[in-house]
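When a ligand or atom number is given, it counts from 1 through the structure's own listing order.
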Amino acid sequence: MARIMPEDTATIEARALFIQTFGCQMNVRDSEQMAELLRTQGYELVDDEREADLIILNTCSIRAKAEQKAASYLGRIGEMKRRKRSIVIGMAGCLAQQWGRRALDRLPYLDFVCGTHNIDMIPEMVQDARRHKTRRAETAFRETVASIGVAALPAKGSVTAFVTIMQGCDNYCTYCIVPYVRGREESRESGEILQEIRIMADKGVREVTLLGQNVNSYGMKLNRRLDFPGLLDRVSEIEGIERIRFISSHPKDLSDRLIDAFRVLPKLCDHIHLPVQAGSDRILKLMGRGYGTSEYIEKVAKLREARPGIAITTDFIVGFPGEADEDFQKTIDLMEKIRFDNSFSFKYSPRPGIAAEFMEQGVPEEVKRERLTAVQALQRLHSCHSNRLMVGRQVEVLVEGPSKRGEEDVMGRTGTNKIVNIAAPSIDAGSTVEVTIARAYLHSLRGEVRKKEKS
Ligand code: SAH
Ligand code: SF4
Ligand code: F3S
C-alpha cells in the first residue's frame, strides 16, 4: 500500500482522536489500524469523546439492533457537532459500507463515510474535510484491503493482540450480511502475517488471536502452499508467543488436519469457537451452512479426543424463518448433547438484501423471545456447571493486567478462555502463573497462586 507520509512534521499540531467501535473483533482490529494511520497526521487517541477533534464511529450491521445502536450514537455526536463545529465526524465499518453515500444525505453533520475496504483513505478524507470542507464517501470494494497490513500494535502494555489473516467471506449463509459488506474472501500473505506477529512478540505480546470469518479456509482459494494448520504451525515457531487462538471456525471446513493441530501444537489454546447456529438439519440446510448436526457432533467428539478438556463455544440463531417448535427443540437437544462451555445467542434479524429476507414464515417476535430465553437459561446452567468443574484444579493463567474487580486483583485467562481473578497485585501482565481455582461464578473464576512459572 502507499505509505501515508506525515505532513511536514514541524507543522503538525497534536490532535485528539476518539474511535467508537461496535461489532466484532474484526472491527476492533480495523479501529487499531485506523488509529495507527492517523498517528501519522498527528492524531493521538483519547478516552473521552468530548476532548476529540476527530470522532470515528466504526459500525456493525449484523443485526437490526447493531444498526439502531449506531444510529443513536450518530445522533448524539451530531448534537455535539452543533456545539463544536470544528469536530470532524466520520462513519466507517459495515453499516457505512451498507449505507454508502446515502449516509451523507441522511446525516448533514457527517464529514466522511469509509467502507470496509477503504480504511487507508481515512487520513486523506480527514484532510479534505478539514481543509476544503469536502464531504467524501469511499465505499468501493477493491481486490485487496490496503490497510490489512498496517502493523498497528494493540494498546500499550497489552499482552494479547488480534491479527487479521483474511478479509471478507464467500459463504453466503442465507441470514448473513457479512459477504455483502466485507466483500470476497481473500487470504493475506503468510509472510506478512508472520512478520506482524514477530513485531508484536518483540513488543511484549504473548497471545495472538488470528482473525477471519472462516479461518479454516485460509489459503484454500488461491491454492496457496500454506493452509490454516500450516499457518498455525509457523506462528507457533515464533519466539515469545506463548498462546495462539483463532476465530471464527466454520464447522463445514474444520479438517482433520486442524483437529490434529490440537494434538501437536501445545501453544494452541484449549478452546475453539465453532458456531453451530441451530440443531435442526432442516434449518441448517435453509441457512445454507453446508453441514448437518451429525457431522458437527462427530467433529466435536474428534476435537475432544485430540485435546481432552478443550472448551467448545458456539453461536445460535433462534427464530430463523420457518423454525417450528420441533426444530427449536432440536437446538435444545443439541445443547444437552454437547454441553457448550459458553455461547452467544441471537434472535434472527432480517437484514436488507439477503437471501433469508425472502423466505416466508417469519417467526413471531414473542416466540423468538421465548426461544432466546430458553437457550440462554440452559446455557447459564451449562456454563455454571463447566466452571464449577474447575474448582480445585490447577491451571495456567496468562495475566493480562489489573482486574475490573478491584485494585488488589489481577485478571487473566485460562487456555480454555475463562476469566480468572487472582488476589496478587504484584504479578506483572504477561506472566504465566499456575493457580488453583478456588471459586466459580457464571462469568469468571477465582484463582489462588501456587507458584510463579515464567515471566
Ligand atoms: N463468520 C462467523 C460469524 C460472524 S457473525 C461464522 O460464520 O461463524 C457472528 C454471529 O452473528 C453468527 O455466528 C450468527 O450467529 C449471528 N448472526 C449473523 N447474522 C445474523 C442475523 N441476520 N440475525 C441474527 N443473528 C445473526
Ligand atoms: Fe456470515 Fe456465514 Fe460468512 Fe460467517 S460464514 S460471516 S455466518 S456468511
Ligand atoms: Fe458486524 Fe461487520 Fe463484524 S457486520 S459482526 S462488524 S464483520
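The aromatic rings of Phe246 and Phe262 lie tilted to each other, with the angle between the two planes from 30° to 60°. Phe141 and His117 have tilted rings, their planes meeting at an angle from 30° to 60° on a 0 to 90° scale. Between Tyr296 and Phe340, the ring planes lie tilted relative to each other; the angle falls in the 30° to 60° range.
A heavy-atom separation below 4.0 Å is found between Ser61 and ligand 3. Ligand 3 does not have Gln25 within reach: every non-hydrogen atom of the residue lies 4.0 Å or more from it. Ligand 3 is never approached by Met26 to a heavy-atom distance shorter than 4.0 Å. Heavy atoms of Gln277 stay at 4.0 angstrom or farther from ligand 2.
Each of Glu366, Glu323, Glu365 was evaluated against Arg371; a single residue qualifies, Glu323, per the salt bridge (Lys or Arg N to Asp or Glu O under 4.0 Å) test.
Closest to atom 3 (Fe) of ligand 2 among all protein heavy atoms lies Cys169 SG, 2.3 Å. In terms of protein heavy atoms, atom 14 (C) of ligand 1 is closest to Gln277 OE1, 3.4 Å. For atom 2 (Fe) of ligand 3, the closest non-hydrogen atom of the protein is Cys94 SG, 2.2 Å. For atom 3 (C) of ligand 1, the nearest protein heavy atom (residue, atom name, distance) is Gln213 OE1, 4.1 Å. Scanning the protein for heavy atoms near atom 7 (S) of ligand 2, the closest one is Tyr175 OH, 3.3 Å. Counting only heavy atoms of the protein, atom 1 (Fe) of ligand 3 lies nearest to Cys60 SG, 2.3 Å.
Here Val178 has no heavy atoms under 4.0 Å from ligand 1, in either its backbone or its side chain. Of the heavy atoms in Pro275, only side-chain atoms (C-beta onward) come closer than 4.0 Å to ligand 1. Contact annotation: for Phe346 versus ligand 1, heavy atoms closer than 4.0 Å belong to the side chain alone. Contact annotation for Lys347 and ligand 1: only backbone heavy atoms (N, CA, C, O) come within less than 4.0 Å of the ligand. Neither the backbone nor the side chain of Lys65 has a heavy atom within less than 4.0 Å of ligand 1.
Residues Arg29 and Thr164 approach most closely at CG-OG1, 3.2 Å, considering heavy atoms.
Remark: Glu295 engages Lys299 in a salt bridge, criterion side-chain N to carboxylate O under 4.0 Å.
Taking 2.8 Å as the threshold, Cys24 counts as a candidate ligand of atom 3 (Fe) of ligand 3, since one of its N, O or S atoms lies below it.
The closest side-chain donor-acceptor pair between Asn342 and Lys418, if any, does not fall under 3.5 angstrom.
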